[in-house]
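Quick notes on the structure that follows.
Sequential numbering from 1 along the given sequence is applied to the chain's residues.
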Amino acid sequence: MENYLPYCQANKLFYDRPSATAAEAFKVARRSFPEEWTVASDDHWTYLSRNGATLREQGWKIHVSVVPEDAEEVIGIVADYCLERGVDFKFLTSPKTHLNLNSKNANRGSSGKLITIYPADDDAALAEILGDLSRKLEGRTGPYILSDLRWGDGPLYVRFGGFRKMYCTGEDGREALAIRRPDGTLEPDRRQPQFHVPEWVPVPAPIAEMMAAQAADSSGTMPYTVERALHFSNGGGIYLARDNATGRQVVLREARPFAGLDGGGNDAVARLHREAETLQALADLDFVPDFLGTFTVWEHHFLVEEYIEGETLWTYMASRTPFTDTANDPERAAEYVAGALELCDQLEQALGRLHERGYVFADLHPRNVMVRPDGRVALVDFEVAYRPDNDPTPTLGCPGFITPKALAGPERDQYALDCIRLAMFMPLTPMLDLANAKVEEFTDAIAAFFPSAATAMASTRDRLRHTLGVEDGARGPGHLFAAAADDPAGPAMEALIDALAQAITASATPERADRLFPGDPRALNDGGYGLAHGAAGVLFALRMAGREVDSEHVDWLAAAAQKAPARAGLYDGLHGAALVLHGLGREEEALRILERVDAVPLPGSPSLSGGLAGIGLVMRYFAAATGDERWRRRQAEVLDRLTVLVSKAPSGATRSAGLMDGWAGAASLFLSSYEDFQAPAFLDLARQAIGRDLAASETKDNGEVLIKDGIRLVAYLGDGSSGLAEPIARYLRLRPDENLAAVHRGILAAAQPRFTIESGLDGGRSGLLTVLAAHPDTAALPEILGRQIRSLSVHAVPLEAGIAFPGRWLLRLSMDLATGTAGVLYALHAARNAVGGLQPGGGRTLSTWSHATGLPFARPQ
């Protein structure tokens with residue numbers, strides 16, 4: 001799971017950054033500073049820089065890491081030192097932020113960083129600061145900063161990296177923070193969990209000496225050979241390893257001192273040794289891994305335990321459930337139900353035996369349950385297991401399997417077990433934190449798809465209703481979705497679209513500078529204006545659906561885009577904001593923004609999201625809208641670069657495929673350019689681009705075509721096969737190809753699963769609905785769309801102001817285009833348009849505006 005948990009702390013409904021009030025800030029953040037210094041702050045950092053001085057782009061920087069109880073004093077010492085010597089620096093603003101960044105769920109790459117110091121471009125100055133602060137901070141300690149080189153045995157760390165934010169295209173095709181090579185080109189600023197120096201960076205003599213000393217340190221010798229990593233958290237890793245002496249495969253659990261803090265202030269080391277005691281106490285239970293010892297290597301503590309062969313319960317569910325199939329197979333469904341319920345019965349018996357021994361497992365979820373090859377279950381990760389009569393209640397827990405109403409004692413395990421019973425058939429349990437009455441809908445849907453599970457689901461539902469306090473008669477908006485599904489162009493659909501638009505508008509916070517609408521956490525760190533996760537995408541969806549767009553909200557978007565750093569990209573950058581502002585009638589502001597971002601060097605990625613394809617589509621739109629040849633020339637430049645890229649790309653599977661980060665967007669641009677210039681070469685290039693993504697596809701026995709992403713087969717719009725449906729259809733209208741037509745049919749077939757984990761446009765149900773709506777060439781279309789609309793109700797959350805949908809990971813609601821409610825709104829409008837023809841607010845002009853985004857859109861019949 002991506003690191004979304006820290007963004008769940010500030011708000012129970014929406015992702016938001018953990019913020020600190022002035023009263024909670026460190027004393028240093030509240031004090032007065034000399035007038036020759038500029039002070040700035042955000043929700044995380046307080047920055048101090050000398051007036052008139054320009055921070056250089058990059059260099060060797062120093063980090064300070066200490067334990068929470070020393071943070072206040074150490075910030076004061078370092079601040080006084082830097083102010084006296086004129087050295088720019090920043091520090092975390094509040095103790096709460098410091099604790100969050102050192103918690104178990106924090107990002108490993110940034111964990112431990114309390115203070116960052118930016119020395120002058122002088123090796124002597126770097127060495128002087130390190131020497132002075134080493135003496136001033138002697139005896140202090142803190143979490144190891146994994147990306148850095150530790151200076152001696154104190155709290156100082158160094159690494160070469162960016163001082164100012166610069167961006168380039170990473171290996172995965174996405175935007176990445178960058179550093180500049182000597183020839184002026186940008187490359188990703190690697191912030192990995194190990195110290196790294198780019199090969200072209202001169203290493204100052206003192207740092208080279210420290211690197212050599214640490215390389216010669218023999219205390220890092222492991223008695224085990226690590227074969228692969230199984231999991232990482234900020235507290236440490238879990239590894240599959242082999243005993244060098246016996247050859248036996250084992251599991252190593254790593255704990256980093258002072259890192260991975262829980263709500264009680266315990267670090268990963270404390271929890272690891274408590275886990276060792278628990279495993280020894282429960283050694284006679286056959287569902288508990290054998291304890292094989294502990295050891296320490298270079299300050300890191302390790303627990304060695306039995307390697308249990310098999311697969312996690314999550315993998316078992318994902319690989320066997322028939323719920324994601326496009327067709328219903330009653331025999332396969334009944335077989336799955338029998339196996340799933342038998343595993344749940346085993347878990348209930350195992351938990352009962354634990355409770356008899358006075359223990360509560362306390363962290364039960366599908367990834368902490370192993371299913372052995374012979375079908376027996378085992379519990380793994382006893383990190384927070386505890387004895388209610390002897391130990392404090394743990395504060396850690398997995399979202400979707402823990403509730404404040406059942407936090408302690410055996411009830412905690414019982415609730416988690418009931419959530420597993422639910423998740424075996426419908427893994428949406430995190431949504432119970434957003435709307436506890438969803439348990440009714442979930443169990444009804446499970447009973448409809450898995451009739452043989454109905455009895456078990458009834459008792460599970462009753463227990464969950466009791467624990468969660470669900471009121472009798474609680475009803476979701478399913479009836480509205482059902483009515484809209486029966487008549488996608490009728491009044492119920494209008495009412496449904498109104499409900500989504502009202503929820504979106506009511507969530508707006510124009511008084512905030514960092515975001516207008518709550519959405520994915522990524523929008524909190526990129527200016528909040530973007531098409532994917534920011535204001536531009538939400539206003540685009542509202543306007544496309546024919547709903548009113550508040551002029552104050554357009555003002556907010558224009559102001560945010562004007563002040564944001566010039567970053568290129570359609571979905572991730574200012575090109576998308578310019579496109580939306582122009583479509584909303586703010587032509588002059590849009591052109592000013594476009595001219596500013598046009599000065600940014602073109603990215604090297606072919607992608608639609610932040611690369612050449614998206615920028616080319618925007619250039620094409622503005623060339624047609626304004627008649628300015630400048631934008632047509634820019635489009636030609638983008639096409640030239642894309643032509644080189646697609647010609648040089650390897651013929652095998654690409655690292656990224658699909659609409660957003662693959663070649664599908666480039667295919668769309670080539671096809672649009674063919675429409676403009678009628679040059680057959682563009683058709684050839686479009687076919688090459690389509691082929692690049694199809695190289696990563698797999699055709700199932702039933703003819704469905706999906707993109708292979710690791711062990712997953714993906715049909716979604718953003719990174720799956722559905723993103724190819726629109727460019728393939730456009731290509732086939734111009735150049736028939738029966739093999740490609742069969743692929744197209746397979747893509748549309750794969751776009752009709754009975755269940756999806758998420759509802760979003762990029763990675764969920766609404767993206768599939770949009771694709772199906774864009775191909776109204778079958779008499780069965782109303783029925784096909786109706787099934788998808790009806791299925792959306794399972795993700796719908798009623799609010800006082802309307803209806804909203806959860807974002808990525810289902811932990812909080814989102815209003816954005818890529819992951820949330822605005823994307824569902826766009827999909828419902830596309831479905832309405834496909835069945836009923838173009839609606840008011842969805843005319844040909846707006847359809848052209850929509851196509852500039854690269855998204856599929858239903859054409860009138």
**Study point:** Check against salt bridge (charged side-chain N to carboxylate O under 4.0 Å, His left out), K27 and E72
**Key:** CA-CA 7 Å; K27 292 178 183 177; E72 182 82 70; 5.6 Å; no
Are any non-hydrogen side-chain atoms of [X] and [Y] less than 4.5 angstrom apart?
X    : Y    : value
I117 : L133 : yes
H365 : T429 : no
L83  : F89  : yes
T312 : V369 : no
H44  : R17  : yes
V377 : Y316 : no
F160 : V203 : no

Would you name the heavy atoms of [X] and [Y] that are closest together and state the gap between them?
X   : Y    : value
W45 : T116 : CH2-OG1, 4.2 Å
H98 : L114 : CD2-CD1, 3.8 Å
A29 : T46  : CB-OG1, 4.1 Å

Practice item. For side-chain contact (heavy atoms from CB on, under 4.5 Å), just list the numbers for M222 and Y239, CA-CA rounded to whole Å, side-chain angles, deciding distance to a tenth of an Å, and then say yes or no. Key: CA-CA 13 Å; M222 286 272 288; Y239 309 93; over 6 Å; no
Practice item. Return each pair, listed once, that meets ring pair (Phe, Tyr, Trp, His ring centres under 6.0 Å) where at least one residue sits in residues 103-158; pairs must be two or more places apart or across chains. Key: Y118-F163, Y144-Y157, Y144-W298
Point to revise | Within 45° cone and under 6.0 Å: R108 NZ/CZ vs F232 ring | key: yes
Check your understanding: Between F295 and Y224, is the gap from one ring center to the other below 6.0 Å?
Key ->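 Here the rings of Y224 and F295 have centres that are less than 6.0 Å from each other.
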If you measure only the distance, is there a donor-acceptor pair under 3.5 Å linking the side chains of [X] and [Y]?
X    : Y    : answer
D520 : Y7   : no
D16  : N11  : no
Q414 : D418 : yes
D88  : Y47  : no

Check your understanding: What residue among R85, R31, K136 forms salt bridge (charged side-chain N to carboxylate O under 4.0 Å, His left out) with D80?
Key ->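 Running salt bridge (charged side-chain N to carboxylate O under 4.0 Å, His left out) over R85, R31, K136 with D80 returns exactly one hit, R31.
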Check your understanding: When D189 is tested against each of R181, K165, R159 for salt bridge (charged side-chain N to carboxylate O under 4.0 Å, His left out), which residue passes?
Key ->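 Exactly one option meets the salt bridge (charged side-chain N to carboxylate O under 4.0 Å, His left out) with D189, and it is R159.
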Review point. So, R253 side chain and L272 main chain: donor-acceptor pair closer than 3.5 Å or not?
Key: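 No, because the side chain of R253 does not come within donor-acceptor range (under 3.5 Å) of the backbone of L272.
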**Study point:** Exam field: side chain E305 to backbone V380, donor-acceptor pair closer than 3.5 Å
**Key:**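 Between the backbone of V380 and the side chain of E305 there is no qualifying donor-acceptor contact (under 3.5 Å).
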Review point. Is any side-chain N of the basic residue among R353 and D284 closer than 4.0 Å to the acidic one's carboxylate O?
Key: no
Check your understanding: Hey, what's the ring geometry for F195 with W60, parallel, tilted or perpendicular (30° and 60° as the breaks)?
Key -> tilted
Exercise for review: Take E57 and R180 through the salt bridge (charged side-chain N to carboxylate O under 4.0 Å, His left out) test and state the conclusion after the steps.
Suggested key: CA-CA 8 Å; E57 287 187 340; R180 194 180 303 278; 2.9 Å; yes
